[in-house]
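Accompanying notes for the structure given below.
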Amino acid sequence: MADDSDAEKTEPASAKRLEQAREEGDVPRSREVATFTVLMAAGAGLWTTGGAMVRDLSAAMVSGLALDREQIFNSDVLIHRVGSDVGRVLLACLPLGVAIMAVALASPLLVGGWLFTGKAVLPNFTKLNPLNGLGNMVSSNALVELVKAIAKTLVVGLVAWLVVMHQKEAVLALAVEPLKLGSVHLMDMLGSSFLFIVGALGFIAAVDGPYQMWHYANKLKMTRQELIQEHKESNGNPQIKAKIRQLQREMARRRMMADVPTADVIVTNPTHYAVALKYADGMRGAPRVVAKGTDEVAAKIRELGKENKVAILEAPALARALHKHTDIGDEIPEALYAAVAEVLAYVFQLRSYNKGGGKYPDRPTKVDVPPELDPLNPASQQPKPAPNDGATP
């Protein structure tokens with residue numbers, strides 16, 4: 001068998017292969033998408049809450065620098081004041097921090113989804129192999145990362161230059177504005193500039209996300225032989241399953257043959273079919289089929305019947321009907337009660353003759369079987385007429 005190679009991996013990964021990769025912590029990830037979403041969240045939060053945050057931080061700074069004599073020489077009061085100012089700073093930054101954290105936690109849902117596994121953090125010493133490292137440096141994935149880095153530099157640099165040139169006059173005007181108003185305008189300009197520059201990364205993220213999904217699917221592709229082997233491991237080897245079914249059939253046949261000596265009569269075709277029936281006195285229900293078969297199995301049933309002195313009667317239509325419409329262990333159909341009763345009556349009369357003599361019973365020469373139950377009768381092939389609902393045709 002030829003060795004498997006990447007060129008031979010043409011089959012999509014199976015559900016089991018994907019699940020195994022996920023359990024090992026291997027899922028598609030796009031750093032560009034995660035970076036873009038987090039930075040956009042930070043920029044949007046800075047733009048929407050920047051003014052309020054600057055005012056709160058300015059108030060905290062003014063409060064922190066306004067100290068009286070008592071606070072300077074009383075360490076307890078000073079510590080309390082510092083703690084209060086730190087709390088005000090954290091409270092001012094809380095909305096922006098919560099927004100960034102929420103987006104950072106939700107961003108994996110865009111590519112790969114959440115994954116909680118401990119296998120990804122286990123030490124893997126094969127990654128320390130320098131040959132593998134050199135191979136990764138010249139791989140196609142390294143080339144893609146290089147192209148992405150160059151594209152990010154060019155795109156972000158171009159957009160940043162355009163934004164700076166567009167706001168050049170506004171930046172120079174900040175020098176003549178009051179401190180508080182200028183601070184608010186500065187935060188607005190920083191936020192809008194940040195959004196425009198980071199928005200340029202959206203183009204890179206829009207390309208990298210689908211690429212990472214394609215690369216992941218291509219990496220997990222399987223060969224035809226791997227799919228066959230996985231199917232065998234999941235559902236069992238077809239050859240072994242066929243052997244098991246054969247053994248089961250042989251065991252069922254042996255059990256069936258063991259019941260042939262207990263039968264009252266064997267109805268034959270005379271060569272193609274054989275059905276063994278049993279009906280004990282006082283037994284509830286109708287006679288039951290204890291064995292049946294065709295061709296070689298039928299010959300074996302007849303042979304066992306002769307060895308154990310079981311009555312054998314040729315009734316082709318009845319043998320065919322019993323074989324067609326009953327299984328081993330089933331009672332005979334109600335429509336065959338009369339035909340089987342005629343056969344059993346002959347068998348019981350024959351037993352009485354063998355025990356006490358008397359008149360030899362007449363062997364049934366023609367056992368009437370309903371035509372629709374005989375597989376060889378054309379009437380059994382005709383469709384049943386639709387029930388008459390009383391309507392006039």
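Quick note: residue numbers are just sequence positions, from 1. Excluded from the calculations below are hydrogen atoms, water molecules and symmetry mates; all remaining heavy atoms, backbone and side chain alike, are included. Small disclaimer: the values here were computed from a predicted structure and weren't measured.
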Joint cluster assignment, [X] & [Y], ILVMFWY side-chain distance < 4.5 Å:
X	Y	value
Y346	Y353	yes
Y211	L154	no
L277	V290	no
L318	Y337	yes

Does atom [atom1] of [X] have more than 12 heavy-atom neighbours from other groups under 6.0 Å away?
X	atom1	result
K306	NZ	no
R224	CZ	no
E334	CD	no

Do [X] and [Y] come within less than 4.5 Å of each other through their side chains, counting heavy atoms only?
X	Y	result
L91	D56	no
R17	M222	yes
R363	L313	yes

Measure the spacing between [atom1] of [X] and [atom2] of [Y] and express it to the nearest 0.5 Å.
X	Y	atom1	atom2	value
H325	E372	NE2	CD	8.5 Å
M101	L94	CE	CG	9.0 Å
D368	K366	CG	NZ	6.0 Å

Acceptor/donor pairs from residues 34-43 side chains to any protein atom, 3.5 angstrom cut, sequence neighbours excluded:
{"from": "T35", "atom 1": "OG1", "to": "R31", "atom 2": "O", "distance (Å)": "2.7"}
{"from": "T37", "atom 1": "OG1", "to": "V33", "atom 2": "O", "distance (Å)": "3.0"}
{"from": "T37", "atom 1": "OG1", "to": "A34", "atom 2": "O", "distance (Å)": "2.9"}

Taking [X] for the side chain and [Y] for the main chain, is one N or O donor matched with an acceptor at less than 3.5 Å?
X	Y	result
D264	Y279	yes
K292	T326	yes
E226	T223	yes

Inset, instruction - Show your reasoning for whether side-chain contact (heavy atoms from CB on, under 4.5 Å) applies to V289 and V275. - result: CA-CA 7 Å; V289 176; V275 181; 3.8 Å; yes
Search all heavy atoms of [X] against all heavy atoms of [Y] and return the closest pair with its distance.
X	Y	answer
M53	A92	CG-O, 3.7 Å
V207	P210	O-CD, 3.6 Å
P370	A335	CG-O, 3.6 Å
E342	P364	OE2-CB, 3.9 Å

Run the salt-bridge test on [X] and [Y] with the 4.0 Å N-O cut-off and return the result as yes or no.
X	Y	value
K152	E32	yes
K148	D208	yes
K278	D259	no

Inset, instruction - Quick one: do I332 and R288 satisfy side-chain contact (heavy atoms from CB on, under 4.5 Å)? Show the steps, please. - result: CA-CA 6 Å; I332 63 173; R288 293 181 179 273; over 6 Å; no
Inset, instruction - Identify which one of D330, L336, L373 satisfies the side-chain contact (heavy atoms from CB on, under 4.5 Å) criterion when paired with L322. - result: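 Testing L322 for a side-chain contact (heavy atoms from CB on, under 4.5 Å) against D330, L336, L373 leaves exactly one candidate, L336.
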Inset, instruction - Could you list who else is in I301's hydrophobic cluster, with ILVMFWY side chains joined at under 4.5 Å, directly or through other members? - result: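 Hydrophobic cluster check, I301: joined to M256, M257, V260, I266, V297, L304, V310, I312, I328.
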Inset, instruction - Give me the ring orientation class for Y273 and H323: parallel if the planes are under 30° apart, tilted from 30 to 60°, perpendicular past 60°. - result: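 Rings of Y273 and H323: perpendicular, over 60°.
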Check residues 156-172 and write down every donor-acceptor pair under 3.5 Å in which the side-chain atom is one partner and the other belongs to a residue at least two apart or another chain.
{"from": "Q167", "atom 1": "OE1", "to": "S193", "atom 2": "OG", "distance (Å)": "2.8"}
{"from": "Q167", "atom 1": "NE2", "to": "S192", "atom 2": "OG", "distance (Å)": "3.3"}

Inset, instruction - Report the C-alpha distance between M189 and L174 in whole Å, list the side-chain angles of each, state the deciding distance to 0.1 Å, and finish with yes or no for side-chain contact (heavy atoms from CB on, under 4.5 Å). - result: CA-CA 11 Å; M189 283 191 295; L174 290 176; 3.1 Å; yes
